[in-house]
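Just so we're clear, the structure is a prediction, and the values are computed from it rather than from any experiment. Chain letters run A, B, ... following the sequence lines, proteins first, then strands; residues in each count from 1.
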Protein chains: 2
Amino acid sequence: MHDDSSPLCTRFLAAADLLGRRWTGVILRILMDGPCRFGELTERIGTISERVLSERLKDLEAEGIVERHVDPGPPIRSEYRLTQKGQAFWKVIDELGKWAERWVDVKPAPRKRKSA
Amino acid sequence: MHDDSSPLCTRFLAAADLLGRRWTGVILRILMDGPCRFGELTERIGTISERVLSERLKDLEAEGIVERHVDPGPPIRSEYRLTQKGQAFWKVIDELGKWAERWVDVKPAPRKRKSA
DNA sequence: CGCGTCACTTTTAATTCGCAAGTAACTTCC
DNA sequence: GGAAGTTACTTGCGAATTAAAAGTGACGCG
(Lines give C-alpha, C1' and ligand atoms only; values in the text may rest on other atoms or scores of the structure.)
Protein backbone atom coordinates (compact mmCIF):
# COMPACT_ATOMS: atom_id res chain seq x y z
CA MET A 1 0.00 0.00 0.00
CA HIS A 2 1.07 3.50 -0.82
CA ASP A 3 2.46 5.55 2.01
CA ASP A 4 -0.89 6.64 3.24
CA SER A 5 -0.46 9.63 5.44
CA SER A 6 1.62 12.49 6.63
CA PRO A 7 0.82 12.34 10.35
CA LEU A 8 -0.32 15.94 10.46
CA CYS A 9 2.19 17.65 12.67
CA THR A 10 1.15 18.64 16.13
CA ARG A 11 1.97 22.27 15.55
CA PHE A 12 -0.42 22.48 12.66
CA LEU A 13 -3.09 20.76 14.69
CA ALA A 14 -2.64 23.31 17.45
CA ALA A 15 -2.85 26.22 15.04
CA ALA A 16 -5.92 24.80 13.33
CA ASP A 17 -7.49 24.21 16.70
CA LEU A 18 -6.93 27.83 17.59
CA LEU A 19 -8.44 29.16 14.39
CA GLY A 20 -11.09 26.48 14.68
CA ARG A 21 -12.78 28.26 17.52
CA ARG A 22 -15.49 30.62 16.53
CA TRP A 23 -14.52 34.31 16.15
CA THR A 24 -10.79 33.77 16.56
CA GLY A 25 -10.04 34.72 12.96
CA VAL A 26 -12.22 37.78 13.12
CA ILE A 27 -10.67 39.01 16.35
CA LEU A 28 -7.19 38.60 14.94
CA ARG A 29 -8.18 40.36 11.77
CA ILE A 30 -9.41 43.38 13.68
CA LEU A 31 -6.35 43.47 15.89
CA MET A 32 -4.20 43.50 12.74
CA ASP A 33 -5.49 47.03 12.15
CA GLY A 34 -4.13 48.09 15.50
CA PRO A 35 -4.82 47.86 19.23
CA CYS A 36 -8.41 47.71 20.26
CA ARG A 37 -10.44 47.90 23.43
CA PHE A 38 -12.96 45.40 24.64
CA GLY A 39 -16.02 47.42 23.84
CA GLU A 40 -14.66 48.41 20.48
CA LEU A 41 -14.02 44.80 19.63
CA THR A 42 -17.58 43.97 20.62
CA GLU A 43 -18.94 46.69 18.37
CA ARG A 44 -16.84 45.88 15.36
CA ILE A 45 -17.64 42.22 15.47
CA GLY A 46 -21.25 42.99 16.11
CA THR A 47 -22.70 39.59 16.82
CA ILE A 48 -20.26 37.99 19.24
CA SER A 49 -21.34 37.56 22.82
CA GLU A 50 -19.22 39.31 25.40
CA ARG A 51 -18.80 36.06 27.22
CA VAL A 52 -17.10 34.47 24.23
CA LEU A 53 -15.08 37.55 23.36
CA SER A 54 -13.71 37.55 26.88
CA GLU A 55 -12.92 33.86 26.62
CA ARG A 56 -11.21 34.17 23.23
CA LEU A 57 -9.13 37.08 24.40
CA LYS A 58 -7.97 35.02 27.34
CA ASP A 59 -7.14 32.08 25.11
CA LEU A 60 -5.19 34.32 22.77
CA GLU A 61 -3.39 35.91 25.67
CA ALA A 62 -2.54 32.51 27.10
CA GLU A 63 -1.11 31.55 23.71
CA GLY A 64 1.04 34.65 23.70
CA ILE A 65 -0.68 36.00 20.62
CA VAL A 66 -2.38 38.95 22.23
CA GLU A 67 -1.29 41.24 25.05
CA ARG A 68 -3.59 43.08 27.36
CA HIS A 69 -2.65 46.56 28.49
CA VAL A 70 -4.67 48.09 31.22
CA ASP A 71 -4.67 51.84 31.31
CA PRO A 72 -5.73 52.68 34.85
CA GLY A 73 -6.27 56.31 33.87
CA PRO A 74 -9.37 57.80 35.39
CA PRO A 75 -11.73 55.81 33.24
CA ILE A 76 -10.27 52.33 33.28
CA ARG A 77 -9.54 51.18 29.79
CA SER A 78 -7.97 48.03 28.60
CA GLU A 79 -6.41 47.61 25.25
CA TYR A 80 -5.61 44.46 23.40
CA ARG A 81 -2.77 44.32 20.97
CA LEU A 82 -0.88 41.68 19.05
CA THR A 83 2.45 40.36 20.22
CA GLN A 84 5.15 39.48 17.71
CA LYS A 85 3.68 36.02 17.48
CA GLY A 86 0.33 37.58 16.75
CA GLN A 87 1.71 40.01 14.19
CA ALA A 88 3.27 37.09 12.40
CA PHE A 89 -0.20 35.79 11.84
CA TRP A 90 -0.99 38.54 9.36
CA LYS A 91 0.00 36.44 6.40
CA VAL A 92 -2.57 33.84 7.27
CA ILE A 93 -5.27 36.45 7.73
CA ASP A 94 -4.17 38.17 4.56
CA GLU A 95 -4.39 35.01 2.49
CA LEU A 96 -7.73 34.20 4.02
CA GLY A 97 -8.91 37.67 3.11
CA LYS A 98 -7.69 37.32 -0.45
CA TRP A 99 -9.34 33.95 -0.79
CA ALA A 100 -12.58 35.35 0.56
CA GLU A 101 -12.39 38.30 -1.79
CA ARG A 102 -11.92 36.07 -4.76
CA TRP A 103 -14.13 33.09 -3.92
CA VAL A 104 -16.83 33.91 -1.47
CA ASP A 105 -19.97 35.30 -2.92
CA VAL A 106 -22.17 37.34 -0.70
CA LYS A 107 -24.68 35.01 0.80
CA PRO A 108 -27.99 35.97 2.34
CA ALA A 109 -27.22 34.77 5.86
CA PRO A 110 -23.49 34.41 6.53
CA ARG A 111 -23.51 34.77 10.27
CA LYS A 112 -26.13 32.26 11.25
CA ARG A 113 -24.59 28.82 11.35
CA LYS A 114 -27.74 26.87 10.70
CA SER A 115 -29.11 29.17 8.04
CA ALA A 116 -28.91 26.93 4.98
CA MET B 1 -19.24 60.35 15.00
CA HIS B 2 -15.89 59.52 13.50
CA ASP B 3 -15.95 56.69 11.06
CA ASP B 4 -14.95 54.15 13.61
CA SER B 5 -14.41 50.90 11.83
CA SER B 6 -13.80 49.06 8.67
CA PRO B 7 -17.05 47.07 8.70
CA LEU B 8 -15.28 43.77 8.23
CA CYS B 9 -16.43 42.69 4.84
CA THR B 10 -19.02 40.00 4.70
CA ARG B 11 -16.84 37.77 2.59
CA PHE B 12 -14.16 37.71 5.23
CA LEU B 13 -16.71 36.99 7.91
CA ALA B 14 -17.99 34.04 5.91
CA ALA B 15 -14.50 32.68 5.37
CA ALA B 16 -13.60 33.09 9.03
CA ASP B 17 -16.84 31.45 10.02
CA LEU B 18 -15.99 28.50 7.83
CA LEU B 19 -12.52 28.06 9.27
CA GLY B 20 -13.96 28.81 12.68
CA ARG B 21 -15.67 25.48 12.88
CA ARG B 22 -13.72 22.75 14.51
CA TRP B 23 -11.72 20.46 12.18
CA THR B 24 -12.35 22.44 9.02
CA GLY B 25 -8.73 23.51 8.67
CA VAL B 26 -7.45 20.02 9.29
CA ILE B 27 -9.80 18.47 6.76
CA LEU B 28 -8.78 20.98 4.13
CA ARG B 29 -5.13 20.42 4.91
CA ILE B 30 -5.46 16.69 4.33
CA LEU B 31 -7.43 17.15 1.16
CA MET B 32 -4.64 19.39 -0.14
CA ASP B 33 -2.51 16.25 -0.36
CA GLY B 34 -5.03 14.70 -2.70
CA PRO B 35 -8.46 13.07 -2.76
CA CYS B 36 -9.40 11.07 0.27
CA ARG B 37 -12.14 8.70 1.33
CA PHE B 38 -14.32 9.01 4.36
CA GLY B 39 -12.66 6.31 6.38
CA GLU B 40 -9.23 7.49 5.42
CA LEU B 41 -10.07 10.99 6.57
CA THR B 42 -11.29 9.59 9.86
CA GLU B 43 -8.05 7.71 10.36
CA ARG B 44 -5.75 10.55 9.42
CA ILE B 45 -7.45 13.01 11.67
CA GLY B 46 -7.58 10.47 14.42
CA THR B 47 -9.72 12.18 16.98
CA ILE B 48 -12.63 13.55 15.00
CA SER B 49 -16.00 11.89 15.41
CA GLU B 50 -17.63 10.50 12.29
CA ARG B 51 -20.68 12.53 13.08
CA VAL B 52 -18.76 15.77 12.79
CA LEU B 53 -16.65 14.68 9.86
CA SER B 54 -19.81 13.93 7.95
CA GLU B 55 -21.24 17.29 8.90
CA ARG B 56 -18.12 19.24 7.92
CA LEU B 57 -17.89 17.44 4.61
CA LYS B 58 -21.46 18.42 3.87
CA ASP B 59 -20.79 22.03 4.82
CA LEU B 60 -17.72 22.09 2.62
CA GLU B 61 -19.63 20.52 -0.23
CA ALA B 62 -22.44 23.02 0.17
CA GLU B 63 -19.86 25.80 -0.01
CA GLY B 64 -18.50 24.35 -3.22
CA ILE B 65 -15.11 23.76 -1.67
CA VAL B 66 -15.20 19.99 -1.73
CA GLU B 67 -16.69 17.57 -4.22
CA ARG B 68 -17.93 14.14 -3.44
CA HIS B 69 -17.40 11.40 -5.98
CA VAL B 70 -19.15 8.14 -5.40
CA ASP B 71 -17.59 5.16 -7.03
CA PRO B 72 -20.38 2.60 -7.11
CA GLY B 73 -17.90 -0.13 -7.99
CA PRO B 74 -18.50 -3.37 -6.14
CA PRO B 75 -17.42 -2.04 -2.78
CA ILE B 76 -19.03 1.35 -2.63
CA ARG B 77 -16.40 4.01 -2.15
CA SER B 78 -16.78 7.69 -1.98
CA GLU B 79 -13.96 10.09 -2.48
CA TYR B 80 -13.72 13.69 -1.44
CA ARG B 81 -11.64 16.10 -3.41
CA LEU B 82 -11.13 19.82 -3.57
CA THR B 83 -12.82 21.91 -6.20
CA GLN B 84 -11.01 24.86 -7.74
CA LYS B 85 -12.33 27.01 -4.93
CA GLY B 86 -10.96 24.53 -2.47
CA GLN B 87 -7.57 24.28 -4.19
CA ALA B 88 -7.31 28.03 -4.01
CA PHE B 89 -7.35 27.68 -0.26
CA TRP B 90 -3.90 26.14 -0.20
CA LYS B 91 -2.21 29.47 0.37
CA VAL B 92 -4.16 29.99 3.56
CA ILE B 93 -3.34 26.51 4.80
CA ASP B 94 0.26 26.95 3.73
CA GLU B 95 0.66 30.20 5.65
CA LEU B 96 -1.04 28.68 8.64
CA GLY B 97 1.38 25.77 8.44
CA LYS B 98 4.37 28.09 8.22
CA TRP B 99 3.16 30.14 11.15
CA ALA B 100 2.62 27.00 13.19
CA GLU B 101 6.06 25.73 12.27
CA ARG B 102 7.68 28.95 13.38
CA TRP B 103 5.60 29.94 16.38
CA VAL B 104 3.84 27.03 17.96
CA ASP B 105 5.79 25.09 20.47
CA VAL B 106 4.75 21.60 21.19
CA LYS B 107 2.38 21.74 24.09
CA PRO B 108 1.47 18.87 26.39
CA ALA B 109 -2.21 18.72 25.45
CA PRO B 110 -2.98 20.44 22.17
CA ARG B 111 -6.15 18.61 21.20
CA LYS B 112 -8.19 18.85 24.35
CA ARG B 113 -9.99 22.14 24.39
CA LYS B 114 -10.41 22.42 28.11
CA SER B 115 -6.92 21.29 29.02
CA ALA B 116 -5.38 24.51 30.28
C1' DC C 1 -27.31 59.95 45.38
C1' DG C 2 -28.86 58.35 40.73
C1' DC C 3 -27.47 57.51 36.08
C1' DG C 4 -24.27 56.29 32.43
C1' DT C 5 -19.86 54.09 30.75
C1' DC C 6 -16.51 50.39 30.54
C1' DA C 7 -14.92 45.86 31.18
C1' DC C 8 -16.03 41.91 32.31
C1' DT C 9 -18.88 37.77 34.91
C1' DT C 10 -22.62 35.01 35.85
C1' DT C 11 -26.83 32.76 34.76
C1' DT C 12 -29.64 30.22 31.74
C1' DA C 13 -30.93 28.41 27.34
C1' DA C 14 -29.82 26.81 22.72
C1' DT C 15 -26.22 24.54 19.75
C1' DT C 16 -22.67 21.62 18.68
C1' DC C 17 -19.59 17.83 19.66
C1' DG C 18 -17.91 13.22 21.06
C1' DC C 19 -18.82 8.53 21.66
C1' DA C 20 -21.18 4.43 20.76
C1' DA C 21 -24.40 1.96 18.21
C1' DG C 22 -27.38 1.45 14.14
C1' DT C 23 -28.51 1.32 9.04
C1' DA C 24 -27.67 -0.02 4.30
C1' DA C 25 -25.31 -2.08 0.39
C1' DC C 26 -22.39 -5.16 -0.89
C1' DT C 27 -18.24 -9.12 -0.24
C1' DT C 28 -16.11 -12.86 1.91
C1' DC C 29 -16.01 -16.87 4.68
C1' DC C 30 -17.61 -21.49 5.95
C1' DG D 1 -26.95 -19.52 1.81
C1' DG D 2 -26.46 -17.25 5.90
C1' DA D 3 -23.42 -15.23 9.63
C1' DA D 4 -19.74 -11.85 9.72
C1' DG D 5 -16.93 -8.02 7.79
C1' DT D 6 -16.19 -3.58 5.08
C1' DT D 7 -17.40 1.11 3.83
C1' DA D 8 -20.07 5.11 4.50
C1' DC D 9 -22.73 7.35 6.91
C1' DT D 10 -26.75 8.49 10.45
C1' DT D 11 -28.85 8.59 15.00
C1' DG D 12 -29.35 8.98 20.15
C1' DC D 13 -27.75 11.11 24.02
C1' DG D 14 -24.85 13.14 27.54
C1' DA D 15 -21.15 16.62 27.74
C1' DA D 16 -18.97 20.84 26.22
C1' DT D 17 -19.37 25.31 23.73
C1' DT D 18 -21.92 29.38 22.37
C1' DA D 19 -25.53 32.94 22.64
C1' DA D 20 -28.36 36.20 24.97
C1' DA D 21 -29.12 38.90 28.71
C1' DA D 22 -28.69 40.56 33.24
C1' DG D 23 -25.34 41.54 37.02
C1' DT D 24 -20.99 43.42 39.24
C1' DG D 25 -17.58 46.82 40.40
C1' DA D 26 -14.98 51.08 39.45
C1' DC D 27 -15.28 55.63 38.05
C1' DG D 28 -17.26 60.42 36.41
C1' DC D 29 -21.13 63.77 35.98
C1' DG D 30 -24.82 66.60 37.65
Side-chain angles (χ1 to χ4, degrees), chain A residues 1 4-5 13 16-27 30-31 35-62 66-81 109-116, chain B residues 1 4-5 13 16-27 30-31 35-62 66-81 109-116:
Chain A
M1 44 193 74
D4 58 301
S5 58
L13 254 339
D17 190 48
L18 189 78
L19 218 48
R21 293 176 198 179
R22 206 171 181 183
W23 303 118
T24 304
V26 179
I27 294 170
I30 292 177
L31 256 19
C36 211
R37 288 180 295 115
F38 191 87
E40 205 180 337
L41 243 5
T42 303
E43 269 180 52
R44 294 184 62 175
I45 301 179
T47 53
I48 193 177
S49 68
E50 300 184 333
R51 188 192 141 334
V52 174
L53 177 56
S54 174
E55 200 170 285
R56 286 295 163 289
L57 254 10
K58 269 178 202 159
D59 291 346
L60 258 11
E61 210 189 330
V66 161
E67 265 178 350
R68 179 169 175 253
H69 289 272
V70 181
D71 182 347
I76 181 179
R77 272 149 184 288
S78 63
E79 210 180 52
Y80 293 89
R81 57 182 60 179
R111 38 268 318 249
K112 274 299 174 195
R113 234 97 187 250
K114 307 194 60 179
S115 58
Chain B
M1 47 192 80
D4 58 301
S5 58
L13 254 337
D17 191 48
L18 188 78
L19 217 49
R21 293 176 198 178
R22 205 172 184 182
W23 302 119
T24 304
V26 179
I27 294 171
I30 292 176
L31 255 19
C36 211
R37 287 179 295 115
F38 190 87
E40 205 181 337
L41 242 7
T42 302
E43 269 179 54
R44 294 184 63 175
I45 300 179
T47 53
I48 191 175
S49 67
E50 301 183 333
R51 188 186 153 327
V52 174
L53 177 56
S54 174
E55 202 170 282
R56 286 286 118 44
L57 254 9
K58 268 178 202 157
D59 291 347
L60 259 10
E61 210 188 331
V66 161
E67 266 178 349
R68 180 169 174 253
H69 289 270
V70 180
D71 182 346
I76 180 178
R77 274 150 182 285
S78 63
E79 209 180 52
Y80 294 88
R81 55 183 62 178
R111 39 269 316 254
K112 274 299 174 193
R113 234 97 187 249
K114 307 195 59 180
S115 58

Rounding to a whole Å, what distance do you find between [X]:[atom1] and [N]:[atom2]?
X     : N      : atom1 : atom2 : value
B:E40 : D:dC9  : CD    : P     : 13 Å
B:D59 : C:dT15 : CG    : P     : 16 Å
B:E43 : D:dC9  : CD    : C1'   : 16 Å
B:R77 : D:dT7  : CZ    : P     : 6 Å
B:F38 : D:dT6  : CZ    : C1'   : 14 Å
B:R56 : C:dG18 : CZ    : C1'   : 12 Å
B:E61 : D:dA8  : CD    : P     : 14 Å
A:R21 : D:dT18 : CZ    : P     : 8 Å

Are [X] and [N] close enough that a side-chain N or O sits under 4.0 Å from OP1 or OP2?
X     : N      : value
B:R22 : D:dT17 : no
A:Y80 : C:dC8  : yes
B:K58 : D:dC9  : no
A:S49 : D:dA21 : no
A:S78 : C:dC8  : yes
A:R37 : C:dA7  : yes
B:W23 : C:dG18 : yes

When you measure from the side chain of B:R22 to the backbone of B:I48, do you find a donor-acceptor pair of N or O atoms at a distance under 3.5 Å? no
Is there a side-chain contact between A:K58 and A:S54, using heavy atoms and a 4.5 Å cut-off? yes
When you compare the side chain of B:D17 with that of A:V26, does any pair of heavy atoms fall below 4.5 Å? no
Give me the atom names and distance for the closest heavy-atom approach of [X] to [Y].
X     : Y     : result
A:T24 : A:R21 : OG1-O, 3.0 Å
B:L31 : B:Y80 : CD1-O, 3.8 Å
B:L53 : B:I27 : CD1-CD1, 3.8 Å

Could you list all N or O pairs between the protein and nucleotides 10-13 of chain C that sit under 3.5 Å apart?
none

Contacts of B:E79 that satisfy side chain to side chain donor-acceptor pair (under 3.5 Å) - sequence neighbours left out: B:R81
With the side chain defined as heavy atoms from C-beta on, B:R68 is closest, among D:dT17, D:dT10, D:dA8, to D:dA8
